[in-house]
K.L.:
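One structure, pasted below without further comment.
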Number of protein chains: 2
Amino acid sequence: MAEVTTSLSIGQVAERTGLSVHALRFYEHEGLFVNPVRRGPGGRRVYRQDDVDWLTVCIILRASGMPLTALRRYADLVRQGAGNEEERRTLLREHQARVTTQIDRLAECLDLIRFKVGVYEDLLDPDSAADHQCHAPGR
Amino acid sequence: MAEVTTSLSIGQVAERTGLSVHALRFYEHEGLFVNPVRRGPGGRRVYRQDDVDWLTVCIILRASGMPLTALRRYADLVRQGAGNEEERRTLLREHQARVTTQIDRLAECLDLIRFKVGVYEDLLDPDSAADHQCHAPGR
DNA sequence: CTAGGATCTAGAGTTGGCTCTAGGTCAAGC
DNA sequence: GCTTGACCTAGAGCCAACTCTAGATCCTAG
């Protein structure tokens with residue numbers, strides 16, 4: 001039960017990460033990988049599990065709105081190795097702040113949306129209408 | 001203290017909504033206004049407070065990720081007048097669901113980000129390090 | 001030997017949502 | 001009468017992040 005260093009093809013990585021093979025090549029081209037992607041016979045890309053792990057992190061950062069430029073910056077720092085941990089922390093903290101801000105903003109939007117849904121709810125079946133305060137813009 | 005029907009120029013609307021004049025013309029072109037924008041002397045756009053109110057709603061829906069196509073659909077429904085409230089409710093409910101999903105997703109991402117910030121925190125001043133569980137991918 | 005499928009590179013195309021430009025009109029103030 | 005600034009239209013340009021295409025190579029199975 002030891003798979004010490006399993007090699008993965010680009011197709012396999014695409015499958016396990018959910019990224020397209022196109023996106024994987026694109027990410028590589030953009031310098032988003034920490035380890036330069038090795039090549040096997042015929043010039044084919046060979047990935048390992050830690051590439052997949054890194055991609056998993058990338059996907060999460062992307063999903064939370066980090067632009068590729070910032071992701072590249074982070075990859076650069078990690079690639080450079082020990083010594084720049086403070087900068088990495090700063091980068092992540094800034095992103096963290098943006099994400100919390102974004103969540104708050106969305107929660108506010110959700111308030112209005114809920115309110116408006118509520119208005120239509122009352123309109124469409126007034127029986128189950130609760131009382132609502134009315135302080136939002138029309139329509 | 002009665003400003004019964006104040007007319008606003010495109011510049012004034014831009015100022016109060018935060019949208020650019022370009023964006024306002026673009027939104028009009030895209031059919032996102034409920035009332036066709038009236039024109040004053042010289043063909044200039046004349047807005048009123050309820051346009052601003054509507055734009056406020058638009059801005060919130062946009063900020064929560066509603067694409068312009070959906071916003072246009074909603075505007076169409078409102079423009080058509082009474083009778084399609086159910087469809088409006090459906091549209092808003094669907095958007096509401098997407099927003100809550102998005103908030104949840106962001107919250108999950110935030111977990112990882114916090115974890116990683118924590119790792120660098122511990123690394124950079126280990127004195128104040130609390131204990132952490134370790135189950136996230138590397139770097 | 002050959003057909004199929006996965007891979008390769010380089011670069012063009014797409015999408016959404018604006019933003020900007022060019023060239024012109026119009027009203028007010030000096 | 002002239003400049004200034006806000007406005008007009010139509011359409012081009014931009015940005016991010018992919019996605020897709022073309023044409024070539026390589027490996028495996030039949």
Side-chain angles (χ1 to χ4, degrees), chain A residues 6-33 36-48 51-52 54-75 95 98 102 105 109, chain B residues 6-33 36-48 51-52 55-75 95 98-99 102 105 109:
Chain A
T6 319
S7 291
L8 301 169
S9 71
I10 195 170
Q12 289 173 313
V13 174
E15 205 173 326
R16 351 205 134 175
T17 59
L19 294 167
S20 70
V21 294
H22 296 297
L24 286 170
R25 290 193 277 249
F26 171 70
Y27 276 21
E28 180 179 350
H29 183 74
E30 294 296 296
L32 299 181
F33 279 87
V37 180
R38 296 141 302 268
R39 299 304 180 107
R44 299 189 168 197
R45 289 171 178 82
V46 175
Y47 300 86
R48 280 174 311 169
D51 294 312
V52 174
W54 171 250
L55 285 170
T56 307
V57 174
C58 289
I59 288 165
I60 287 168
L61 292 174
R62 288 284 305 119
S64 52
M66 182 181 281
L68 290 191
T69 48
L71 201 43
R72 172 164 45 227
R73 177 91 193 105
Y74 185 47
H95 183 60
R98 273 190 297 272
Q102 177 62 5
R105 200 192 337 260
C109 294
Chain B
T6 317
S7 291
L8 299 169
S9 72
I10 195 170
Q12 288 172 313
V13 174
E15 206 174 325
R16 357 206 128 174
T17 58
L19 295 166
S20 71
V21 294
H22 296 298
L24 286 171
R25 289 195 276 247
F26 171 70
Y27 276 22
E28 181 180 348
H29 183 75
E30 296 295 298
L32 299 181
F33 279 87
V37 179
R38 295 141 300 267
R39 299 307 178 107
R44 300 190 169 197
R45 289 171 178 83
V46 176
Y47 300 85
R48 281 174 310 169
D51 294 313
V52 174
L55 285 169
T56 306
V57 174
C58 290
I59 288 165
I60 287 170
L61 293 174
R62 287 286 303 121
S64 52
M66 181 181 282
L68 290 192
T69 47
L71 201 42
R72 173 165 42 229
R73 177 91 193 105
Y74 185 46
H95 183 58
R98 274 190 297 271
V99 176
Q102 176 62 7
R105 196 188 344 255
C109 295

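In what follows, chains carry the letters A, B, and so on, assigned in the order in which the sequence lines appear, proteins first and then strands, with residues in each chain numbered from 1. Worth knowing before you read on, the calculation uses all heavy atoms, side chains too, and leaves out hydrogens, waters and symmetry mates.
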K.L.:
Using whole Å, report how far CD of A:Glu28 lies from P of D:dA17.
P.N.:
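Between P of D:dA17 and CD of A:Glu28: 18 Å.
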
K.L.:
Whole angstroms only, please: what is the CG-P distance between A:Leu61 and D:dA16?
P.N.:
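Spelled out: CG on A:Leu61 to P on D:dA16 is 18 Å.
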
K.L.:
Whole-Å distance between C:dC18 P and B:Met66 CE?
P.N.:
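In whole Å, C:dC18 P and B:Met66 CE are 14 Å from each other.
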
K.L.:
What integer distance in Å separates B:His22:NE2 from D:dA6:P?
P.N.:
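After rounding, the gap between these two atoms is 12 Å.
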
K.L.:
Taking B:Arg72 for its side chain and B:Glu30 for its backbone only, find out whether a donor-acceptor pair lies under 3.5 Å.
P.N.:
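It does hold such a pair.
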
K.L.:
Among C:dT19, D:dT9, C:dT7, which is the nearest nucleotide to the side chain of A:Val21?
P.N.:
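For A:Val21, the side-chain atoms sit closest to C:dT7.
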
K.L.:
Please tell me if A:Ser9 has a side-chain N or O lying less than 4.0 Å from either OP1 or OP2 of C:dT7.
P.N.:
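True: A:Ser9 side-chain N/O within range (under 4.0 Å) of C:dT7 OP1/OP2.
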
K.L.:
One thing to verify: whether A:Arg39 and A:Glu28 come together as a salt bridge, which I'm taking to mean a side-chain N less than 4.0 angstrom from a carboxylate O.
P.N.:
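The answer is yes: the pair qualifies as a salt bridge.
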
K.L.:
Is any side-chain N or O of A:Arg44 under 3.5 Å from a base N or O of D:dC26, one able to act as donor and the other as acceptor?
P.N.:
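Checked by distance alone, the answer is yes.
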
K.L.:
Considering only NZ, NE, NH1 and NH2 on the basic side and carboxylate oxygens on the acidic side, decide whether A:Arg38 and A:Asp51 come within less than 4.0 Å.
P.N.:
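Yes.
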
K.L.:
If you compare every side-chain N and O of A:Arg45 against the phosphate oxygens of C:dC8 (OP1, OP2), does one of them come in below 4.0 Å?
P.N.:
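It does, given that an N or O in the side chain of A:Arg45 lies less than 4.0 Å from OP1 or OP2 of C:dC8.
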
K.L.:
Indicate yes or no for a side-chain donor-acceptor contact from B:Arg98 to the backbone of B:Gln102 under 3.5 Å, with no hydrogens or angles considered.
P.N.:
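Not confirmed, B:Arg98 side chain does not pair with B:Gln102 backbone.
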
K.L.:
Let me know the distance between CG of A:Leu24 and P of C:dT7, rounded to the nearest Å.
P.N.:
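Rounded to the whole Å, the gap is 10 Å.
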
K.L.:
Without decimals, in angstroms, what is the distance between B:Ile10 CD1 and D:dG5 C1'?
P.N.:
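So the CD1-C1' distance, B:Ile10 to D:dG5, works out to 15 Å.
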
K.L.:
Rounded to the nearest Å, what distance is computed from the CZ atom of residue B:Arg25 to the C1' atom of nucleotide C:dA22?
P.N.:
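Taking CZ of B:Arg25 and C1' of C:dA22, I get 13 Å after rounding.
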
K.L.:
Using a heavy-atom cut-off of under 4.0 Å over every strand shown, decide if B:Ser20 touches base, sugar-phosphate, or nothing.
P.N.:
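Sugar-phosphate, backbone atoms only, no base.
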
K.L.:
For D:dT9, does OP1 or OP2 lie under 4.0 Å from any side-chain N or O of B:Arg39?
P.N.:
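Yes.
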
K.L.:
Looking only at side-chain N and O atoms, does A:Tyr27 come under 4.0 Å of OP1 or OP2 in D:dC18?
P.N.:
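Answer yes for this pair, as a side-chain N or O of A:Tyr27 is under 4.0 Å from OP1 or OP2.
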
K.L.:
If you define the side chain from C-beta out and look only at heavy atoms, does anything of B:Val52 sit under 4.5 Å from B:Val13?
P.N.:
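In short, these two side chains touch, coming nearer than 4.5 Å.
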
K.L.:
Describe the nucleic acid contact of B:Pro41 in one word from base, sugar-phosphate, nothing, applying a heavy-atom distance below 4.0 Å.
P.N.:
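No contact.
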
K.L.:
Roughly how many Å is it from NE2 in B:His29 to P in C:dG17, rounded to a whole number?
P.N.:
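In whole Å, C:dG17 P and B:His29 NE2 are 14 Å from each other.
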
K.L.:
Under 4.0 Å: is that the gap between some side-chain N or O of B:Arg62 and OP1 or OP2 of C:dC18?
P.N.:
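Looking at the OP1 and OP2 atoms of C:dC18, one of them is under 4.0 Å from a side-chain N or O of B:Arg62.
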
K.L.:
Taking the side chain of A:Phe26 as heavy atoms from C-beta outward, which of D:dA17, D:dC20, C:dT7 is closest to it?
P.N.:
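Of all the options, the side chain of A:Phe26 is nearest to D:dA17.
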
